[in-house]
> 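So that we are looking at the same thing, I have put the structure below in structure tokens.
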Amino acid sequence: MAFTLPDLPYTPASLEPHIDARTMEIHHDKHHAAYVNNLNAALQGTEHEGKSLETLLANISKLPPAVRNNGGGHWNHSMFWEVMAPNAGGAPEGALGAAINAAFGSFDEFKKQFGQAATTRFGSGWAWLCVGEDGGLFITSTPNQDNPLMDVAEKPGRPILGLDVWEHAYYLNYQNRRPDYISAWWNVVNWNEVARRFAL
Ligand code: MN3
């Protein structure tokens, strides 16, 4: 069973003005599609064909770079579309809100630390909110298309929120202003989906 490109769960224009339609179209239809196609090509005819993406990521140190880059790219973007939504933003409530307060002191402090991780990730990569082995939350960032599910991760964990800080995610509208993109992105975070992932 080859991997397939998931549909965007909303129209490309629906995250405007925070993320523009053209960026969403190119990001999903070209970049994410390329990760899926290249991942399938890298696995075709190998003993790893048919394995779950999570299994591949957990053993990524033993797999070729094409699987790491494109398998990470496929997992990361599949999550990214889902943790955003139109008319979203605000602050998480319930168990997730409480866990964020417990880990970071307050929601504002969490946003500050997450924004810092996203801003200071040099070059291309991702910022993550993860659940650790002890069930507590932590923030980390990874280069390129790596993620905390990979056995090569500096800080392994289960990501429940991820922010793409590759230039392709924001350059058309924000050019070099990554911090402006990060500030705007909070307005489209789908906390219901993050809470669902937290509860898994
Ligand atoms: Mn991307």
Side-chain angles (χ1 to χ4, degrees), residues 3-43 53-54 56-57 60 63 65-86 88-89 114-130 139-150 152-154 157-190 193-194 197:
F3 292 104
T4 54
L5 179 67
D7 289 335
L8 274 183
Y10 35 74
T11 62
S14 59
L15 301 185
E16 290 193 350
H18 311 295
I19 303 182
D20 64 282
R22 187 75 181 125
T23 294
M24 289 299 292
E25 284 167 4
I26 297 171
H27 201 174
H28 174 270
D29 301 355
K30 306 294 181 190
H31 290 278
H32 190 174
Y35 297 126
V36 172
N37 292 337
N38 293 338
L39 175 62
N40 287 329
L43 294 170
L53 191 48
E54 286 73 17
L56 295 172
L57 299 180
I60 209 75
L63 294 166
V67 178
R68 178 171 174 173
N69 293 334
N70 296 291
H74 180 36
W75 195 94
N76 297 348
H77 288 84
S78 297
M79 167 199 238
F80 189 52
W81 313 133
E82 291 185 2
V83 296
M84 299 189 292
F114 189 95
Q116 196 162 14
T119 305
T120 59
R121 164 49 55 190
F122 184 75
S124 298
W126 291 75
W128 304 101
L129 175 64
C130 294
I139 292 166
T140 187
S141 79
T142 53
N144 305 314
Q145 294 297 354
D146 284 2
N147 70 40
L149 295 171
M150 293 181 172
V152 294
E154 223 169 273
R158 188 169 65 80
I160 59 171
L161 175 66
L163 172 57
D164 188 343
V165 295
W166 282 58
E167 281 188 345
H168 69 223
Y170 62 87
Y171 204 84
L172 286 183
N173 195 40
Y174 294 97
Q175 292 82 47
N176 61 318
R177 304 188 311 277
R178 187 191 287 185
D180 292 353
Y181 157 68
I182 296 168
S183 299
W185 177 75
W186 292 115
N187 294 301
V188 297
V189 173
N190 178 2
E193 173 61 16
V194 182
R197 290 170 178 264

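One-based numbering, in listed order, for ligands and for the atoms of each.
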> With the Mn ion (ligand 1) at the apex, how many degrees lie between NE2 of H27 and NE2 of H168, rounded to 10 degrees?
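Rounded to 10°, it measures 90°.
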> Using the side-chain hydrogen bond (donor to acceptor under 3.5 Å, both in side chains) definition, which of the options Q145, H77, H31 pairs with D164?
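Between D164 and the candidates, side-chain hydrogen bond (donor to acceptor under 3.5 Å, both in side chains) is satisfied uniquely by H77.
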> If we count only N and O atoms by modelled type, under 3.5 Å, do the side chains of E54 and W75 hold a donor and an acceptor together?
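Result is yes, a qualifying pair exists.
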> Check D164 and report its N/O/S atom nearest to the Mn ion (ligand 1), by atom name.
OD2
> So, H27 versus H168: side-chain donor-acceptor pair below 3.5 Å or not?
yes
> Within 2.8 Å of the Mn ion (ligand 1), is there any N, O or S atom belonging to H32?
no
> E16 side chain to A21 main-chain N or O, any donor-acceptor pair under 3.5 Å?
yes
